[in-house]
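Numbers restart at 1 for each chain; the letters A, B, ... are given by sequence-line order, proteins then strands.
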2 protein chains.
Amino acid sequence: MNLADVARRAGVSPATASRALSGHPHVAEVTRARVWEAARALEYVASPEATGLARGTTGRVAVVVPHLARWWFGAALEGLGTVLREGGRDLLLYRLGDAGSRQAFFDELPTRRRADAVVLLGFGVDERERERLDRIGVGIVAAGTRVGSHPSVSIDDHAAGRQAMDHLLHLGHRRIGTIVAADPELDLAQPAGRSSAYRAALADAGITPDPALSVTVTWSPESGARAMGELLGLADPPTAVYAHSDEIALGAVRTLRRAGLRVPEDVSVVGIDDHPLAAMTDLSTVAQPAAEQGELAGRMALAGLAGEPVDPVVTVPTRLVIRGSSGPPQAAGRRWRRS
Amino acid sequence: MNLADVARRAGVSPATASRALSGHPHVAEVTRARVWEAARALEYVASPEATGLARGTTGRVAVVVPHLARWWFGAALEGLGTVLREGGRDLLLYRLGDAGSRQAFFDELPTRRRADAVVLLGFGVDERERERLDRIGVGIVAAGTRVGSHPSVSIDDHAAGRQAMDHLLHLGHRRIGTIVAADPELDLAQPAGRSSAYRAALADAGITPDPALSVTVTWSPESGARAMGELLGLADPPTAVYAHSDEIALGAVRTLRRAGLRVPEDVSVVGIDDHPLAAMTDLSTVAQPAAEQGELAGRMALAGLAGEPVDPVVTVPTRLVIRGSSGPPQAAGRRWRRS
DNA sequence: TTGAAAGCGCTAACAT
DNA sequence: ATGTTAGCGCTTTCAA
């Protein structure tokens with residue numbers, strides 16, 4: 001059941017069968033119909049290997065992610081997958097977990113021969129990696145990060161951070177803590193904008209940042225919980241906390257509850273993402289469209305492959321979602337109850 | 001920069017270069033070294049298309065999922081990806097969202113030519129689909145579902161359900177509701193065991209099930225919230241609820257809180273999964289190892305490809321995790337507070 | 001509009 | 001231990 005069989009059954013040469021099947025012009029309508037008919041009868045499926053060898057392309061796009069169990073990645077991948085499938089490309093998934101697999105990947109750059117384009121999903125790269133990437137000759141697009149001057153989709157991290165911080169400031173908070181997400185091993189380009197927003201918002205409000213109020217942890221809920229513990233241990237704990245993600249924020253809320261503190265009466269909490277469970281847990285947050293970022297990245301990759309022009313930088317909007325975890329600071333006495 | 005170049009630079013024939021590079025026996029050590037040296041110098045990467053064409057294999061395994069944004073899938077995919085990568089196989093991801101893409105997929109069964117094996121992740125198939133799958137000639141393994149007589153890994157859904165139900169019954173609950181998860185469009189083989197456990201546990205406790213206490217919805221948190229609303233609307237609402245997943249359970253908790261009811265004093269809730277956020281929200285649940293199921297499925301697929309024998313059915317254990325969302329039913333008066 | 005023939009980059013007998 | 005020779009299944013000039 002290969003092209004030759006189809007050709008024979010249709011009474012034409014393999015060359016004509018090939019042209020008919022891949023929609024080339026200059027094929028008589030009757031011929032084309034006969035070939036398709038034969039293909040259908042034989043349940044013919046072209047061998048991508050052979051097609052690829054002959055054409056010099058693979059029909060695949062590689063997607064690189066640092067993580068899969070976190071909400072943003074699943075959602076973005078879902079959007080990306082849908083678009084690629086519509087575009088007729090297969091999706092090759094590379095999850096580069098630890099520094100080791102990461103090294104190996106960039107050293108041998110398997111992508112070079114296995115895919116026509118690569119999409120980096122929330123995957124920050126360092127200088128050396130970017131250089132290697134630049135030289136592999138296939139199109140590159142990023143989502144959720146910026147990678148050199150390659151096309152990318154993402155939110156404006158700084159703006160998102162400002163939405164969260166300004167909300168807290170408007171409520172009247174002056175002593176605001178922040179839980180910074182970073183994962184030096186996995187995500188070399190952490191969302192610096194989310195941190196700069198913290199400082200800028202405080203500055204605009206005339207508040208001098210207290211370094212003790214800023215604690216850096218990984219992206220997991222558990223580490224969010226730990227970070228909140230640190231913040232609570234301070235002599236003068238914050239009345240509000242701005243976390244870099246909802247997962248971290250929910251960890252923080254858990255620690256607060258365990259400590260017998262009320263949210264938002266004693267401490268307000270706001271995150272970023274609008275994770276599906278944020279609505280369930282009544283968490284105030286800054287919503288970002290994850291699936292949409294994946295879709296856009298997919299479209300950009302497809303456009304690049306088609307030789308069409310591609311927007312170099314697209315930014316998707318975020319939106320403050322006020323729910324029950326944020327409120328005005330308590331007038332007084334709050335710190336006493338803690339004892 | 002292809003094999004021929006490497007061979008030339010090493011001063012050997014392409015055949016020898018091929019043997020040296022792919023670790024065949026009967027190659028002189030010096031020759032092997034020279035070839036590797038040449039390959040390194042040229043930054044040679046073999047063309048998978050050519051290798052595949054010549055060898056008749058692809059080096060890829062296809063993974064089919066109905067969903068990506070739900071916790072179980074991300075975690076399972078992560079485990080699976082790790083194992084496949086260690087086994088040197090690439091992972092081709094197919095997310096079959098709606099009935100349409102599903103149809104298309106099984107009709108043309110692209111897998112047939114694109115991968116050496118397929119792993120179905122939490123993907124139940126119907127009769128017709130199973131038949132087609134049986135005929136594609138590549139190895140098939142399932143995780144989280146059973147697919148005909150193909151090898152599979154999963155939890156014992158019935159046992160898991162019993163752990164949840166027995167916990168509730170031990171606490172003294174007699175009027176227990178259940179939120180059944182199903183998605184007829186995506187997941188044709190819903191976890192029937194989780195439902196049968198509900199009935200069996202009640203039967204063992206001498207309780208006649210009340211059909212009104214069982215509501216079926218999709219897997220999303222939002223629908224869990226809606227289902228709980230229905231249950232609360234009953235003339236005689238349950239004192240405890242067993243949900244098919246944590247995501248659903250968390251939706252239920254949200255509805256209870258909004259209704260001014262306390263968890264677990266007024267209503268107990270238990271889920272299944274041990275989602276990372278379950279710990280953060282103090283949800284009692286039955287833990288299942290998602291990443292491990294992915295890993296095992298990967299190993300089974302790899303073993304199958306290597307021609308090794310594969311366990312037909314492996315079951316991974318679940319574990320009851322009692323947290324703060326479940327407790328004894330309130331002695332009396334509960335229903336009054338509701339008004 | 002169609003066919004013949006060369007070749008994409010690699011592997012695997014079969015020789016040597 | 002290594003080289004020669006045929007393909008693997010498709011696309012694509014180049015001719016007709």
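Nucleotides of DNA chain C with any atom under 4.0 Å from a heavy atom of chain B span, from 5' to 3', C:dG9 to C:dA13.
Residues in residues 36-58 of chain B take part in no ring-ring contact (aromatic ring centres under 6.0 Å, His included) pair, two or more places apart or across chains. Residue pairs satisfying the ring-ring contact (aromatic ring centres under 6.0 Å, His included) criterion with at least one member in residues 72-111 of chain A, sequence neighbours excluded, are listed as follows: A:Y94-A:F105.
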Compile the donor-acceptor pairs under 3.5 Å between side chains in residues 2-28 of chain A and protein atoms, sequence neighbours left out, one pair per line.
| unit_1 | atom_1 | unit_2 | atom_2 | d |
| --- | --- | --- | --- | --- |
| A:N2 | OD1 | A:A4 | N | 3.3 |
| A:N2 | OD1 | A:D5 | N | 3.2 |
| A:D5 | OD1 | A:R8 | NH1 | 3.1 |
| A:D5 | OD2 | A:M1 | N | 2.8 |
| A:D5 | OD2 | A:N2 | N | 3.0 |
| A:S13 | OG | A:A15 | N | 3.4 |
| A:S13 | OG | A:T16 | N | 3.2 |
| A:S13 | OG | A:T16 | OG1 | 3.3 |
| A:S22 | OG | A:S18 | O | 2.6 |

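By the salt bridge (charged side-chain N to carboxylate O under 4.0 Å, His left out) test, B:R40 is found to be paired with no residue, residues two or more places apart in sequence or in another chain being considered. In this view, A:E43 and B:R132 satisfy the side-chain hydrogen bond (donor to acceptor under 3.5 Å, both in side chains) rule, not counting sequence neighbours. Partners of A:E292 according to the side chain to side chain contact (heavy atoms under 4.5 Å, CB included) rule, which considers only residues two or more places apart in sequence or in another chain, are A:P289, A:L296, A:V316. By the side chain to side chain contact (heavy atoms under 4.5 Å, CB included) test, A:A301 is found to be paired with A:V119, A:V141, residues two or more places apart in sequence or in another chain being considered. Residues satisfying the side chain to side chain contact (heavy atoms under 4.5 Å, CB included) criterion with A:S149, sequence neighbours excluded, are absent altogether. Applying the side chain to side chain contact (heavy atoms under 4.5 Å, CB included) rule to B:E308 yields the partners B:A303, B:A306; only residues at least two apart in sequence or on another chain are considered.
Note that CG of A:L84 and CZ of A:R89 are 9.0 Å apart. Values are rounded to the nearest 0.5 Å.
For the helix from C:dT1-D:dA16 to C:dT16-D:dA1, the axis fitted to the five pairs at one end and the axis fitted to the five pairs at the other end meet at an angle of 30° (nearest 10 degrees).
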Sugar-phosphate atoms are those with a prime plus P, OP1 and OP2; base atoms are the rest. Using that split, label each nucleotide of nucleotides 9-16 of chain D B, S or - for protein heavy atoms under 4.0 Å, 5' to 3'. BBBBB---
